[in-house]
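Chain identifiers are assigned alphabetically (A, B, ...) following the order of the sequence lines, protein sequences preceding nucleic acid strands; residue numbering begins at 1 within each chain.
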Amino acid sequence: MNSEHIYLIGVVMSQQKVTPRSEDYSRWYTEVIQKAELADYAPVRGCMVIRPYGYALWENIQDTLNSMFKATGHKNAYFPLFIPESFLKKEAEHVEGFAPELAVVTIGGGKELEEPLVVRPTSETIINHMFAQWIHSYRDLPLLLNQWCNVVRWELRTRLFLRTLEFLWQEGHTAHATAEESEAEARRMLGVYQNFAENFGAVPVIPGRKSESEKFAGAVVSYSIEAMMGDKRALQSGTSHNLGQNFAKAFGTQYLDKNNVLQYVWQTSWGLSTRFIGAIIMVHGDDQGLILPPKLAPTQVVIVPIWRKDEDKARVLAAVDQIKADLGAQVRIEVDDREGFTPGFKFNEWELRGVPLRLEIGPKDLEQANVVLARRDTRQKVTVPQAGLLPHILQTLDEIQSNMFTRAKDFMDANTFDVSDYGQFKEMMQGEEAAGFVRAYWCGDRGCEAQIKEETRATSRCIPFEQDGTQGVCFHCGRPATEKVIFAKAY
RNA sequence: CGGGGCGUAGCGCAGUUUGGUUAGCGCGCAGCGUUCGGGACGCUGAGGCCGGUGGUUCAAAUCCACUCGCCCCGACCA
């Protein structure tokens with residue numbers, strides 16, 4: 001490989017397109033989403049339109065998770081949007097948890113319905129209703145299903161991708177013969193999420209158990225992966241629940257075991273939603289806009305051809321066609337040959353849209369048989385020969401992917417603190433700015449957590465699996481504590 | 001649901017205090033020409049139920065009443 005010229009791209013710009021993150025983080029967030037054309041506001045409050053670019057990102061998330069679920073033996077199915085209201089009421093904690101945020105249909109075809117239909121906020125109930133009919137024998141177990149769908153939760157305060165009235169997700173639902181199996185399944189699927197988040201989204205996460213008050217309504221135990229956003233707030237990026245026999249008992253989901261004894265099944269459910277797109281935006285983005293991880297980016301390489309005269313144009317575009325033919329099968333490419341936009345404009349636009357790698361090619365490059373590659377993550381430009389371009393690009397995309405993860409991991413680690421003094425914690429959590437993650441001994445008591453939330457607006461995010469095995473005293477109430485917990489301000 | 005703010009072109013705004021003829025500016029959009037290696041420029045042009053309803057008036061974007069919607073801040077959340 002020839003000597004590569006490396007230089008940083010000038011940051012001087014004639015006009016600021018996006019509000020800098022340091023100025024107003026949440027404004028930056030909404031502006032980036034709209035300007036990058038990921039999503040737009042819908043005419044209904046709290047709802048959003050996912051635009052083609054955002055949906056392509058979601059499709060890549062779906063494809064990746066789908067192949068992971070296939071590898072773990074899960075099959076896709078689809079259950080109805082409408083759930084009889086009475087179903088929700090069968091599991092006590094479940095109703096209590098979801099009642100305030102249900103959308104309910106009371107009229108159909110112009111007539112008042114005999115029984116109102118709930119628009120699914122999640123599908124445990126209707127799935128159990130069906131499981132009860134499908135499962136008869138231990139031979140029917142385990143039953144491992146997943147569905148991709150939309151769900152509706154009538155939230156008060158909404159944010160694009162993070163919390164909208166309707167959102168897209170996948171929900172896995174499984175039934176098992178033993179408590180050990182359902183526990184193992186819940187943990188296994190959280191592992192799948194961690195693998196996905198870290199190795200595909202380049203989003204480092206802390207896997208752990210949810211506290212009593214943060215756990216899913218109707219679960220015995222909830223697990224989650226927690227990620228740190230660019231403003232040091234926490235975002236729950238995926239959850240997995242061991243439902244025990246709670247729903248099985250409410251719906252009579254039973255099977256005959258080997259001894260011909262009727263048993264309730266043990267269940268799990270787990271979900272990852274379009275919220276994860278919010279995580280990608282906030283974990284990686286900078287003041288230029290999005291930075292998408294190569295493995296999930298709808299476009300991995302954008303080619304910007306540059307020309308002055310018509311004769312140059314023809315030659316440059318011919319070279320672009322050749323490059324496209326060489327790379328096309330292995331790299332997701334887009335060629336930006338729009339007329340009437342200067343190269344500089346296009347550079348900025350594709351950076352805003354977060355394309356990991358840009359390839360510039362113009363008359364000067366043709367003479368030398370070179371191209372210019374510009375990395376989105378480091379904003380470095382290098383000149384490389386056209387010969388051997390494919391392996392070079394593939395390697396660069398790998399480097400970007402791992403650099404993005406490392407950078408995010410370093411940020412999270414640098415903003416995670418061990419604290420034992422509650423006064424210090426309170427100090428840290430003061431003000432609007434989030435201080436990051438605080439790891440502290442905590443007793444696990446519901447009331448204790450409620451007080452902490454009241455006093456600091458921080459909540460327990462998860463009790464990490466990774467513990468050093470030592471014991472201590474609760475940093476808030478002083479009672480004995482066996483585990484350290486992550487506290488943070490959360491989305 | 002309580003407190004604060006805002007509705008004028010696709011977006012951002014001016015005009016409203018003190019009513020007056022054809023409602024303006026920037027960006028964006030369309031056409032043409034010159035440009036093109038880090039956000040180019042000129043000319044021409046399209047685009048408005050001034051959130052809605054009712055009232056006052058010779059006359060309402062402007063004054064009055066009601067109403068609808070949105071945004072921000074406080075109690076819930078993938």
Side-chain angles (χ1 to χ4, degrees), chain A residues 5 7-18 24 26-27 30-31 34-35 40-46 96-102 120-122 149-159 161-171 193 210 213-217 222 224-226 235-241 269-279 288-289 304-310 312-313 316 337-352 358-366 370-372 374 379 381 383 432 450 453-454 457 459 490-491:
Chain A
H5 315 64
Y7 53 95
L8 283 171
I9 300 153
V11 282
V12 182
M13 288 195 295
S14 64
Q15 48 184 168
Q16 201 68 254
K17 274 283 186 174
V18 194
D24 187 339
S26 66
R27 197 166 155 194
T30 28
E31 280 182 13
Q34 289 178 91
K35 287 178 172 159
D40 206 349
Y41 286 104
V44 177
R45 178 198 75 89
E96 203 188 319
F98 282 103
E101 51 187 47
L102 293 179
R120 67 177 160 225
T122 179
C149 65
N150 57 343
V151 286
V152 168
R153 298 180 186 180
W154 216 264
E155 304 287 352
L156 300 176
R157 282 196 67 187
T158 57
R159 305 264 270 117
F161 288 115
L162 301 178
R163 188 175 299 108
T164 44
L165 298 197
E166 178 190 8
F167 59 94
L168 306 184
W169 76 347
Q170 58 67 217
E171 48 178 325
Y193 287 156
K210 281 291 190 184
S213 48
E214 291 286 326
K215 119 193 147 179
F216 175 74
S222 287
S224 73
I225 50 172
E226 299 287 331
L235 183 76
Q236 177 175 307
S237 305
T239 48
S240 179
H241 316 290
S269 67
W270 25 276
L272 186 142
S273 73
T274 38
R275 170 181 262 196
F276 194 80
I277 292 174
Q288 297 304 313
V304 179
I306 297 157
W307 64 80
R308 214 180 277 258
K309 297 167 260 175
D310 280 352
D312 288 339
K313 179 181 169 184
V316 170
D337 57 0
R338 288 176 296 174
E339 305 268 1
F341 292 92
T342 62
F345 180 88
K346 293 177 181 178
F347 296 168
N348 283 284
E349 184 170 271
W350 290 107
E351 282 172 12
L352 172 65
R358 179 176 69 246
L359 190 157
E360 306 169 13
I361 180 165
K364 285 187 238 164
D365 303 300
L366 291 187
N370 285 335
V371 298
V372 173
R379 297 175 60 70
K381 274 195 190 188
T383 303
E432 263 314 293
K453 185 177 180 181
E454 170 100 27
R457 294 182 62 197
T459 51
Y491 275 102

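Closest to the side chain of A:Ala374, out of B:U35, B:A78, B:G38, is B:G38. The side chain of A:Ile306 lies closest to B:G37 when the candidates are B:G74, B:C76, B:G37.
Between the side chain of A:Arg358 and the base of B:G38, a donor-acceptor pair under 3.5 Å is found. Counting distance only, with no hydrogens placed and no angle test, the side-chain atoms of A:Lys381 and the base atoms of B:G37 include no donor-acceptor pair under 3.5 Å.
Across all strands shown, B:A60 has no partner, as no Watson-Crick or G-U wobble contact with both distances under 3.5 Å is found.
The separation of B:A9 from B:A14, taken at their C1' atoms, amounts to 14 Å, rounded to a whole angstrom. If you take atom C1' in B:A46 and the same atom in B:G39, they sit 25 Å apart, rounded to whole Å. As rounded to the nearest Å, B:C11 and B:U16 have C1' atoms that lie 22 Å from one another. Comparing B:U67 with B:G74, their C1' atoms sit 26 Å apart, to the nearest whole Å. Comparing the C1' positions of B:G20 and B:A30 gives an interatomic distance of 35 Å, to the nearest angstrom.
Residues A:Gln288 and A:Leu352 form no side-chain contact, since every pair of their non-hydrogen atoms from C-beta on lies 4.5 Å or further apart.
With A:Arg153 contributing its side chain and A:Phe167 its backbone, the two residues share no donor-acceptor pair below 3.5 Å.
Taking the six-membered ring for Trp and thresholds of 30 and 60 degrees, A:Trp270 and A:Tyr193 have ring planes more than 60 degrees apart, a perpendicular arrangement.
Two residues, A:Glu155 and A:Glu360, neighbour RNA chain B, and the one matched to the more 5' nucleotide by heavy-atom proximity is A:Glu360.
For the side chain to side chain contact (heavy atoms under 4.5 Å, CB included) criterion with A:Pro305, the lone passing option out of A:Asp365, A:Leu359, A:Asp337 is A:Asp337.
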